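These values consider heavy atoms only, across backbone and side chains, with no hydrogens, waters or symmetry-generated copies. These figures come from a predicted structure and were not determined experimentally. All residue numbers in this chain count up from 1 along the given sequence.
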Amino acid sequence: VSGLALVQAGALTPGERLPWLVTPATAGIDLPAWAGLHKHWVDERLRECGALLFRGFGVTTESMFEALARTVCSQLIDQNGEHEPVPDSSFVQTPVAYSPTQKLLWHNENTFNHSWPLRILFCCVRPSDTGGETPLVDSRTVFEQIPVHIRERFLQHGVMYVRNFGVGFGLDWQRVFQVRSRAELEDAARGSYVRLTWQGDSRLRAVSVRPAAIRHPQTGEWTWLNQVQHWHTACLDPQVRATLLSSYAEADLPRNCYFGDGSAIPDEFMFEILRVYQQAERSFPWHAGDVLLVDNALTAHARNPYAGARKLLVALGDPLCFPPPAHHAQGPHAPSFK
């Protein structure tokens, strides 16, 4: 199957490019085969819009979804401690487990890690009865709209992510780092620029410093790229925050973040960042068979609360690595990638 005339493309919402809708103009199009023949077109539209929504192609099986992911990504990621793989596939995964009654805030997937995916695919096998949308935000817009004094502070210092394991909350370090022993963990941490501190036999603190924003490796545009709102306590539900702060010393919180120099990120900075995300958010209802292809450096995603059964599939691809922390000072130049 070939020919751009076999699909129709345009704005899902008038006047909005996020996401860009692609639908079949005729029945029976094999989407993985079509995408393979028109990969240049897909790549160009993705860089322009930040996310493509393929609707009406009937992608409802894990095998068809994986075939599409293999077509639009040069490499798929089979090791991810935050997602659970589906049976019989190393590359197709389920979304991160999170309470359906709470909104999962906007983020660029895995960007607290040294290695992170440039592309993410979502496939809706079954939409929820209500809610459950995957809101999108243009990270270029976020970068531009964050007040300059806040943005410059992040650009200068980056973000320090602090994670404590063995405190009775969250996943264990073996699962997160995909290792079985301390020796394996220490090797993995060196390669990922993570500083480890053991506290007894069972408790571990992992600290890493990453950029807060980058120039896109293909377009050169500045884009806001981090997971600060997933780690900063000011972004938690107030009751949850109060419970955590009454249960743990600040240094022992399961997750927390700072500026890269270790200084505190003021709550008011986070409230302003959340406001920017909220205003820039674009959302759409899932249809069964939808596939969303996201440029993870150009577009952040979230998940709305939902009710009823909901089944989405996820695939991560095209891994990139941040430069070592010593080179995280941003200034006017972009970090280099490998």
### Message
Looking at Arg126, I'd like to know if its CZ atom is crowded, meaning that more than 12 non-hydrogen atoms belonging to other residues, nucleotides or ligands lie closer than 6.0 Å.
### Response
no
### Message
Does Arg275 have more than 12 heavy atoms from other residues, nucleotides or ligands lying within 6.0 Å of its CZ?
### Response
yes
### Query
Hey, mind stepping through Trp286 and Tyr306 against side chain to side chain contact (heavy atoms under 4.5 Å, CB included) and telling me if it holds?
CA-CA 12 Å; Trp286 282 111; Tyr306 68 92; over 6 Å; no
### Task
Step through it carefully: locate the ring centre of Tyr258, locate the ring centre of His157, and say whether they are under 6.0 Å apart.
no
### Message
Whether the side chain of Thr223 engages the backbone of His216 through a donor-acceptor N/O pair (distance < 3.5 Å, no angle test) should be reported.
### Response
no
### Task
Indicate yes or no: at least one non-hydrogen side-chain atom of Arg163 is less than 4.5 angstrom from one of Val176.
yes
### Query
What's the spacing between Phe143 CZ and Gln145 CD if we round to 0.5 Å?
12.5 Å
### Query
Which residues pass the salt bridge (Lys or Arg N to Asp or Glu O under 4.0 Å) test with Asp290, sequence neighbours left out?
Arg55
### Task
Indicate yes or no: does Arg119 engage Asp43 in a salt bridge with an N to O separation below 4.0 Å.
yes
### Arg70 with Glu66: basic N within carboxylate O range, under 4.0 Å
yes
### Task
Starting at CG of Asp267, measure out to SG of Cys235 and round the result to the nearest 0.5 Å.
8.5 Å
### Query
What are the two closest heavy atoms between Gly308 and Ser128, and how far apart are they?
O-CB, 4.4 Å
### Query
Would a distance-only check, ignoring hydrogens and angles, find a side-chain to backbone donor-acceptor pair under 3.5 Å from His107 to His230?
no
### Task
Rounded to the nearest 0.5 Å, what's the gap from CG on Asn256 to CG on Asn164? Could you check?
9.0 Å
### Task
Could you go through the side chain to side chain contact (heavy atoms under 4.5 Å, CB included) check for Val59 and Phe54 one step at a time?
CA-CA 9 Å; Val59 180; Phe54 295 96; over 6 Å; no
#### Entry: Arg310 and Asp129 ion-paired at < 4.0 Å
no
### Message
How close do Cys257 and Val159 get, counting heavy atoms only, and between which atoms?
### Response
CB-CG1, 4.2 Å
### Query
Rounded to the nearest 0.5 Å, how far apart are CG of Leu53 and SG of Cys124?
10.0 Å
#### Entry: Donor-acceptor contact present, side-chain His301 to main-chain Trp106, <3.5 Å
no
### Contact check, side chains of Asn110 and Pro117, non-hydrogen atoms, under 4.5 Å
yes
### Message
Taking salt bridge (Lys or Arg N to Asp or Glu O under 4.0 Å) as the definition, give me every residue that meets it alongside Arg17, ordered by chain and number, with sequence neighbours left out.
### Response
Asp138
### Query
Between Ile265 and Trp231, is any pair of side-chain heavy atoms under 4.5 Å apart?
no
### Message
Would you say that Phe154 contacts Trp224 through its side chain, given a criterion of any heavy-atom pair below 4.5 Å between the two side chains?
### Response
yes
### Query
So, Ser247 side chain and Thr243 main chain: donor-acceptor pair closer than 3.5 Å or not?
yes
### Summary
CG of Leu104 to CD of Gln229, rounded to nearest 0.5 Å, is 10.0 Å
### Task
Measure the OG1-CZ distance between Thr219 and Arg140 for me, rounded to the nearest 0.5 Å.
6.5 Å
### Query
Any sub-3.5 Å donor-acceptor pair from Tyr277's side-chain atoms to Leu105's backbone N or O?
no
### Message
Please check this pair: side chain of His114 against backbone of Phe322, looking for a donor-acceptor N/O pair closer than 3.5 Å.
### Response
yes
### Query
Testing Asn296, Asp295, Asn108, Thr299 for side-chain hydrogen bond (donor to acceptor under 3.5 Å, both in side chains) with Ser139, which one passes?
Asn108
### Arg210/Leu225 under side chain to side chain contact (heavy atoms under 4.5 Å, CB included): CA gap, chis, key distance, verdict
CA-CA 10 Å; Arg210 314 296 185 202; Leu225 190 83; over 6 Å; no
### Task
Tell me whether Val72 is reachable from Leu313 by hopping between hydrophobic residues (I, L, V, M, F, W, Y) whose side-chain heavy atoms are closer than 4.5 Å.
yes
### Task
Would you indicate whether the side-chain heavy atoms of Arg282 and Thr13 approach each other to under 4.5 Å?
no
### Task
Could you check if a side-chain atom of Arg203 sits within less than 4.5 angstrom of a side-chain atom of Asp252, using non-hydrogen atoms only?
yes
### Cation-pi, Phe122 ring and Arg303 (6.0 angstrom, 45 degrees)
no
### Message
Test your reading of the model: is there a side-chain donor-acceptor pair from Asn113 to the backbone of Trp116, 3.5 Å cut-off?
### Response
no
### Message
For Pro135, is there any backbone N or O sitting under 3.5 Å from a side-chain donor or acceptor partner on Asn304?
### Response
no
### Task
Side-chain contact test, heavy atoms from C-beta onward, threshold under 4.5 Å: evaluate it for Thr197 versus Val207 and give yes or no.
no
### Query
Taking C-beta and beyond as the side chain, do Leu118 and Gln218 meet within less than 4.5 Å on heavy atoms?
yes
### Full working for side chain to side chain contact (heavy atoms under 4.5 Å, CB included) between Leu292 and Leu136
CA-CA 11 Å; Leu292 181 68; Leu136 303 173; 4.0 Å; yes
